[in-house]
Every structure is written in C-alpha cells, then in structure tokens.
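Here the structure comes first, spelled out in structure tokens, and everything after it is commentary.
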Amino acid sequence: MTILKGHQSWLFRDKPALLSSGTVVGPFEGRGPLGRDFDIVHDDSLVGQDSWEKAERTYLEEAAKIALQKAGMTQDQISFYIGGDLMNQITSSSYAARTLAMPYIGMFGACSTSMESLAIASYLISTGGAKHVLAGTCSHNSTAEKQFRYPTEYGSQKPPYAQYTVTGAGAVLVASEGDGPRVAAATIGRVVDMGITDPFNMGAAMAPAAVDTIVSHFRDLGVGPDHYDLIVTGGLGEGRARACQRPVRQASHPDAQDAFSRLRHDDLRLRQADGAGRRQRLAAAPPS
Amino acid sequence: MANNKIKKLTPVQQEYRQLALKRQPARPVALNCLRAFVVGGLICTLGQGIQEAFMRFADMTQKEAAAPTVAVLIAISVVLTAAGVYDKLGQWAGAGTAVPVTGFANAMSSAAIEHRSEGLVLGTGANMFKLAGSVIVFGTVAAFIIGLLRFIFGYGG
C-alpha cells in the first residue's frame, strides 16, 4: 500500500526492502573517502572498452550483476529494471537494459536519477505492481565532460570550484519482502531554477531544489530534521546547501515559509556525501 | 549579452546568484595572469627559436620560415594533446596555452580525438571544428569587414 501524504510525498505502508546493492567505480572515486565501500574499483576508467560510452555501460552492467549475485537471484526473477544516466537518450542505461534483458523503464532526472529510480521502484513494489525491481544508475566523467563541457583533452582552465562527475554505477535490488534497509517514504521534488548557468558550478544550481525537496518532505510527513540521524545529499559541493536557504525561503510557497521558520539554521544537519556513495535514509529526489 | 541575461532574472534569482557568487571560491586572477604570461612567453620564445633555426640551418628568409615554424608548433601541440599532457598543462597555464597557435591546435585535435569513437566521417570529420569553428567563422567575418573598410576608404590601393 502506498498513500499520498501531504502534497508530494508517498508513504509506503509495507516498506519495500533493499535486498542488495552493487557499486562499481573508476580509479578517481576509488581513491576517495568512500573507496573501501565500493564492490569494484577499476584502475582503468575505460575498462578495456573502445569508447567512454561503452565503458559507462559496462560499469552499470557490472553493478547490476553484483546486486543480483549478492541476493542470489537471476535476471528472470526481476520484474522490472528502472534506471537512467546523463547521456542523450539515456544511452548507457538502455544498452545495459539490452544486456540485462529485463523489462525496462527508462528514467531521467539528471543527478536525481538514482533517487528517482529508487522512489519509483519502491512505489511499484508497495502497490503490488512488482515483486523484485532493480533500480540502477550510472555516469562517466569523460562522457559527461564530452556532452556538457569540453573534450576531455581540451586544455581549458577549470575554475577552482569546478565539480567532477562521477565515473561509476550503482544498482540496488528492491523487493516486497526480505532483509535489508527499508524505504519508508519518498518525496518527489520540483525543478527550482535559480538562474545559475555555469556548467562547472552544478552544486549552486542544484542546492535550491535540494533544500526545497527536503523542506517539502518535512512538511508532508510532519517531521523535522531531528527525525533523522543523517540527511545526505549528493554532490552539492561544500557548504552550498546552507548558502541557499534564505533565497529559497522567499521563493517557496507559503507553507515552506512556516517550515523554514521552524527549521533553524543549525538544525539542518545536511551532510555532504560523494555523488557516487549516496546512502539516503530519506529517499528525497531533488531535481537538478 | 551576459548583462542582458542577468537582467531577465527575477529579483530572487538575482539575489541567489549574488549569494552563490559570493560563496564560491574566487579564481586566483593575479596568479593566473602570471602563469599565462610565463607559459605564453615561453611558447613564443620556443617559436622564435624554431624560426631562427629554420633561418640559420635551412637557409630561409624570415617570411619563408614563418609557415614551417607554425607547423612545428602545431605538431608539438597535437602530440602533447594526444599524449594527454596538454589539458593538464592548460589547467595550470590557462590563457598561456590557450591563446598561442598551440591552443588552436589543441582545440581541433582534442575534438577530433574525442569524437573518433563516433566514426571517421560523422565523428572526427563533423566535430573537429566544434570548438575551433567559431574562431574561423568570426575571424573570416572580421577579415571581411576590415577588407570592406579598406576597399571603401581605399587604403593601400
């Protein structure tokens, strides 16, 4: 059972379980603070493929395979595969879906694709629309640079605040029953455009939507930041989330103003995590 | 144009933009200028050295030596781009490696390499001028306008 709670949140009565997960990353991510937590760290970001796009697809295929192996399941036991990536026509995910040979629902929400997929997967499970759903997403630094910025070998000077798109993939197996963390609720966020157009400063562009989604989540569920041990967002960059509170409060709908007045500056324990390793208690999907 | 874009934003957007700009680490402009000056200067000195060498050892005049000098600089730039060195150099040197002819060669070759995976004709061929194309377009337009002015005012007959 799923019920609509508040304006834009789903409350899952029979909380879907996350049976297993698979994470595969490139060399740069492997050297990061979460390096030891990934299932596979590749030394070669091309993973023996002849294009960045094929490499990205390979990462996702491996992540999906690991998630299935850990749960001891096979492809034909999975009802749907839900996922997406950053490429045009979500190329990498669609080709990975060809390999996985599961019924496929393609998603696109830019950086929010991972949580968007997880939210829809949980929804399908809790309404009885599926027994096992694989939710996955992938990105590759070089394909993202190529599509959104400059060729990888182009010698332009990046500003000191430039962010780095993750090379890696993650997949999680969502099921109606079993052991594992449970998804209790999901809040679908709005697109909040604050006029940031710098392709190197994605954090500043996404932060207002992230805050809007988190505030909406609190409002819909009638809880505050204290309700959670940890609030994790992906890839906003240092201190950005705190930086955007005031203008967002002014831009948001009247309800959000109340939420903000309850939400003192220090209360919002918004911790930053690396884009690849987002572990979220709160299944919020900020659009970006 | 950038100013027009900013004016179109709502007051809230403008305020957020200001806030975001204030929070983001500033570019080290003075340091960037110094690096650009040193590296750009070194590249030009190298070019001068190559030209001198052509004049001394290949018995060329200064004018004759200009074209092969540029060709050698371009070749060096393309080799460094293919070896994956030029982008790292560019991150350090900024305009120092972007402005000289080596920067133009890097813009062409990096796009050519990047799109090779999409095929020789539709990949490399079609995308090679992706970054450098605008230089050629506006260079040609500027040359046309200057040529027109020269024709109208009759300078240099």
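Quick caveat: nothing in here was measured; it's all calculated off a predicted structure. Any value given below was found using the heavy atoms of this structure, including those in side chains, with hydrogens, waters and symmetry copies removed.
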Would you call W52(A) and S117(B) a side-chain contact if the rule is heavy atoms closer than 4.5 Å? no

At under 4.5 Å between heavy atoms, what parts of residues 68-87 of chain B are in contact with chain A? List them by residue number. T81(B), G84(B), Y86(B), D87(B)

Between OH on residue Y154(A) and CD1 on residue I113(B), distance to nearest 0.5 Å: 14.0 Å

Full working for side chain to side chain contact (heavy atoms under 4.5 Å, CB included) between Q13(B) and I196(A): CA-CA 8 Å; Q13(B) 283 179 325; I196(A) 301 289; over 6 Å; no

Identify the heavy atoms of Q157(A) and Q91(B) that sit nearest to each other, and give their distance. NE2-O, 3.0 Å

Tell me whether K88(B) is salt-bridged to E153(A), with the criterion being a basic N under 4.0 Å from an acidic carboxylate O. no

Tell me, which pairs form a side chain to side chain donor-acceptor pair (under 3.5 Å) where one or both residues lie in residues 34-50 of chain B, sequence neighbours left out? Q48(B)-E52(B)

Let me know if T152(A) has heavy atoms under 4.5 Å from chain B in its side chain, its backbone, both or neither. both

If every non-hydrogen atom of Y150(A) is compared with every non-hydrogen atom of E114(B), which pair is closest and at what distance? O-OE2, 4.4 Å

Note: vs chain B, highest number of non-hydrogen pairs under 4.5 angstrom among P151(A), P160(A), P159(A) is P151(A)

Side chain, backbone, both or neither: which part of L131(B) has an atom under 4.5 Å from a heavy atom of chain A? side chain

Inter-residue atom distance E53(A).CD - E118(B).CD, 0.5 Å rounding: 6.5 Å

